[in-house]
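As the structure lists them, so they are numbered: ligands from 1, and atoms in each ligand from 1.
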Amino acid sequence: MITTAGFLFSLGGALSGVAIHHGLFIHGEWHHQAPNILRSYAGIFGCVAISQMFIYGSNATSILTSGLVVASILHVFSLIASILVYRGLFHRLNNANFDGPWWARYTKIWQIWENRHSKNHLYLHKLYQKYGDVVRTGPAEVTVFIPEAHEAVGGRQSECIKSEFYDLLWPEQALFAARNKAVHAKRRKDWQYGFSPSAIQYHEAKVLKWIDELDRQLEGKAKDGSIVDATEFLLWFTFDIMGDFTFSKSFGMLESQKWHNIIVKTQNARTLLGPLTATPWLLHIGVKLLPRILWVKDWYESVEWCQAQMEERLSNGSQPGVPDLTSFFMENNKGDKADPWLRGDSLLAILAGSEPTAQILAAIFHELSMHPKHIDKIREELSEVCITDFKALTDLPHLNAVIQEAMRLHPNLLTGGSRKTTENGVTIGDVYIPPHITVITPHYTIARREDCFEQGTKFIPERWTTKPEMVRNPKGHIPFSIGQYNCIGQHLAWRIMRYTVARIVWRYTFHLAPGYDGHNMEGDKVDRFTAFPGIVPLCFKLRD
Ligand code: HEM
């Protein structure tokens, strides 16, 4: 028999769930508050449980049927029910009638399961094959495979902002994580000093020094005939460059032929991004509530390490022989160690510059080993020039076409780079996407579309030189992204890639190691916001 008080408690609990959904959670963004919300609920429910145990002792039935406990349970149920009903029947995206898996309109939690092996690019590709150009992939998310979507959501004219995912460092600040366009533009100006043409000249000297080191190590391997995992070698190489470029302190991995402890930790930490990129709120819960466990611990240690390096670099203040990125930041903020941007930006400089460049270089050597005729063509071009003459390398059609084609077929952002519409929504071709919707534009699938690139799944560098008709819609290929948030390091990246490919192709012959058929690089590739390739085991031999 329910008492009046019991009835009122139950009603209050149920109504409060609906009220908090419609009065609060439905408005604005809550993903970075997810840990606080969870903590608050746990705190309140803990207090309710303790108070009832105090009143009813060990009588479990009385505790569970007490007014406050029932009200709390009903609150949670009605909150969840209200969310599901709203999403199922009234969400602004429902009117657009985009096709997609049935669960997508209710939750993105199931995508974590689909992405448990960090293959979001393959999963979204399957959805494209099943549903077509526009797929609803979340309650407030669509995935658009139309090439023009890149420009519509990311171009200079676009009103769209970066999606919630970019708050992953919150409350830390970093250029990459600045979602407010004005704030981003201001910080980007500070970075721009470090990438001016004169600054790039300084960085180039360092790049050439590290290419010498790469060459020296490869020569050793070539002489003793050992197998080189190009992916690993190139990651060591680019992380060493980026340490030197950022703090004038390399990680020493190429020389020691060993992973630096902190780089292993950054790699571990990014394992979380594979399954959780699609659910930023869960990412925040994981990072904030489990700060000292497993990969999350590695994440904090990586951030702290970078911060310590930056502080050390700012403390000794002296200008290194060749200016590094910190020198350029110091010129702007007068070496203020308390500058909140430095912490996030130091990590960003190292990660953003190293992995993408290594990933593309690994893809290039994978493709060259699978298609050796391109090695011959590049060598033919190189026979006419000096391999350290950047201007000359820039003019070599086939060398540049090979790099361009590797970036197309093996993009660094496979599915990452999502944007969010503002109050005006966005129109892509004849598709209108309503306000405040996350838009994913998977580079992996778009760059392979047949209507963008003939034989789009094949490695054909000639499409960038002698067979331009094989490029049907160049809008499908934006390796460095476009608009305000595009890659600030792209000129540096081109230098690193041209010099490295030229040097190795000129000095060595190489082929896939016996026992490997070349499937590892693509087959074991994971999508952790950026692509992380599988191994590329190669045998090198010095050329005569
Ligand atoms: C082949 C190598 C590279 C590729 C393919 C690449 C690609 C990209 C892409 C696609 C973005 C946009 C990311 C987004 O929208 O979420 C980006 C941003 C960025 N990249 Fe690169 N990148 C490369 C090399 C580099 C290098 C060498 C640096 C030097 C430090 C660098 C620094 C950055 C930074 C700082 C950003 C954030 C820019 C901003 O938010 O304003 N990248 N990169």
### Task
Apply salt bridge (Lys or Arg N to Asp or Glu O under 4.0 Å) to Arg419 and list each qualifying residue two or more places apart in sequence or on a separate chain.
none

Which protein N or O atoms sit under 3.5 Å from any N or O of ligand 1? Give atom names and distances.
unit_1	atom_1	unit_2	atom_2	d
ligand 1	15 (O)	Arg419	NH2	2.9
ligand 1	16 (O)	Tyr166	OH	2.5
ligand 1	40 (O)	Lys162	NZ	3.4
ligand 1	40 (O)	His184	NE2	3.3
ligand 1	41 (O)	His184	NE2	2.7
ligand 1	41 (O)	Arg188	NH1	2.7
ligand 1	42 (N)	Ala352	O	3.3

### Query
Do Phe239 and His260 make the cut of ring centroids closer than 6.0 angstrom?
no

### Task
Would you please test Asn268 and Trp299 for side chain to side chain donor-acceptor pair (under 3.5 Å) and show each step?
CA-CA 8 Å; Asn268 290 344; Trp299 170 252; over 6 Å; no

### Query
Do the ring centers of Phe251 and Phe237 come within less than 6.0 Å of each other?
no

### Task
For Tyr444, check ring-ring contact (aromatic ring centres under 6.0 Å, His included) against everything at least two apart and list the hits.
His121, His125

### Task
Please identify each residue that fulfils ring-ring contact (aromatic ring centres under 6.0 Å, His included) with Phe459, with sequence neighbours left out.
His371, His374

